[in-house]
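Both ligands and their constituent atoms are indexed starting at 1 by order of listing.
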Amino acid sequence: MIIAIDGPAASGKSTSAKLLAEKLNFLYLDTGAMYRCIALSIIENEIDIKNESSVKKFISNFKLELKTVDGAPDFLVNGSSVSKKIRTAAISKKVSAISAIPAVREYMVGLQRSFAKNNNCVVEGRDIGTVVFPDAEIKFFIIASVKIRAERRKLELQNIGETISLTELQKDIKARDKYDSERSHSPLKKAINAIQVDTTEMTIDEQVNYMIRNVNLKK
Ligand code: DC
C-alpha cells in the first residue's frame with residue numbers, strides 16, 4: 001500500500017508522514033530530503049546548474065542510499081550520512097531551483113519508485129500523488145497558513161542552532177511556494193482524488209488521527 005502525502009513547505013507533511021508510518025509500521029520515504037541530498041552535493045561540488053551536460057555527468061556519479069538507523073531513516077551520499085547537513089536554511093534556499101531541473105527529477109523519481117518497491121510506504125513530497133505514484137491507494141494534500149508554517153520552520157531551525165526572523169522565513173516560504181508550484185516539470189499540485197487537510201489550527205495528534213481514520217476506511 002502506498003500513502004501519498006503532498007503539500008507546500010512546512011505545512012506539516014513530514015510530522016504527519018513520520019508518525020503515520022510509525023503507527024502503521026510502514027516505510028517512511030521523505031522525497032524532499034532526497035532533493036536536499038542532491039542539492040547539497042551539487043553545491044559542494046560547485047556544479048553549474050545551468051549547464052545541462054555538467055548536471056547529467058554529475059548525476060551519473062551520484063549515489064544516494066536510504067538506511068534505517070535506530071528506527072530512523074538516514075540518507076547516505078556516496079557512502080556518507082548527510083541527514084543533518086541537508087536541513088540548513090542555505091540548502092532550503094537553493095533546493096527549489098535544483099529540484100526543478102528535469103534530469104534531477106527523472107533520476108529522483110526512478111529512485112523513489114525503487115525505494116518504495118515491494119514495501120508498504122508513506123511517501124511525502126510535492127508530486128507523489130500526481131506523478132510518482134498516481135495510483136497510490138490514498139492521497140493527502142496538506143496545507144497551512146504561511147504564518148504558522150514560518151513559525152514551525154523557526155522552531156525546526158532553532159533546534160539545529162540557526163536563528164532566522166519570522167519575516168525572513170515567511171518570505172522564503174512564499175518564494176518556495178511560487179517556485180515549486182509554477183515550475184513546468186511536475187509542479188506542486190493537489191491530485192484530484194487527494195484529501196485536503198488544513199493543519200493551521202490542528203494539533204499533531206488531531207492531524208494524524210484524522211489521517212489514520214481515512215487510511216482505515218481504505219484498508
Ligand atoms: O519538503 P522539503 O521542504 O524538504 O523539500 C525540499 C524541496 O524539494 C522543495 O522546495 C521542493 C522539492 N521537492 C520536489 O520538488 N518534489 C518532491 N517530491 C519533494 C520535494
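Side-chain atoms of S145 come within 3.5 Å of backbone atoms of I148 as a donor-acceptor pair (strictly under, hydrogens ignored). Although no hydrogens or angles enter the test, the distance criterion places a donor-acceptor pair under 3.5 Å between the side chain of K139 and the main chain of G129. Checking side-chain atoms of R105 against main-chain N and O of S99 turns up a donor-acceptor pair under 3.5 Å. No donor-acceptor pair under 3.5 Å is formed between the side chain of T130 and the backbone N or O of K189.
Within 6.0 Å of the CD1 atom in I204, the count of heavy atoms belonging to other residues, nucleotides or ligands does not exceed 12.
In this structure, atom 18 (N) of ligand 1 lies nearest to the protein heavy atom D127 OD1, 2.8 Å. Among all non-hydrogen protein atoms, the one lying nearest atom 19 (C) of ligand 1 is T31 OG1, 3.3 Å. Among protein heavy atoms, the minimum distance from atom 20 (C) of ligand 1 is reached at G32 CA, 3.5 Å. Closest protein heavy atom to atom 1 (O) of ligand 1: R126 NH1, 2.9 Å. Of all protein heavy atoms, the one lying nearest to atom 12 (C) of ligand 1 is S99 OG, 3.5 Å. Among all non-hydrogen protein atoms, the one lying nearest atom 6 (C) of ligand 1 is R176 NH1, 3.5 Å. At the top of the distance list for atom 16 (N) of ligand 1, counting protein heavy atoms only, stands R105 NH2, 3.0 Å.
Side-chain atoms of T200 and D198 include a donor-acceptor pair closer than 3.5 Å. Under the 3.5 Å distance criterion, with hydrogens and angles disregarded, a donor-acceptor pair is assigned to the side chains of E124 and S14.
E52 and K56 are joined by a salt bridge, as a carboxylate oxygen and a charged side-chain nitrogen come within less than 4.0 angstrom of each other. Salt bridge status for D172 with K93: present, with a side-chain N to carboxylate O gap under 4.0 Å.
Of the heavy atoms in R36, only side-chain atoms (C-beta onward) come closer than 4.0 Å to ligand 1. Neither the backbone nor the side chain of Q112 has any atom closer than 4.0 Å to an atom of ligand 1 (non-hydrogen atoms only). Contacts between H185 and ligand 1 below 4.0 angstrom, taking non-hydrogen atoms only, are absent altogether.
Here is the list of ligand 1 atoms found below 4.0 Å of a heavy atom in S96: 10 (O). With ligand atoms numbered from 1 in the order given, ligand 1 contributes 3 (O) to contacts under 4.0 Å with heavy atoms of R153.
For a threshold of 3.5 Å applied to N or O pairs, the pair formed by Y35 and ligand 1 contains no separation below that value. In terms of polar-atom proximity, D180 is counted as a contact of ligand 1, with an N or O under 3.5 Å from an N or O of the ligand.
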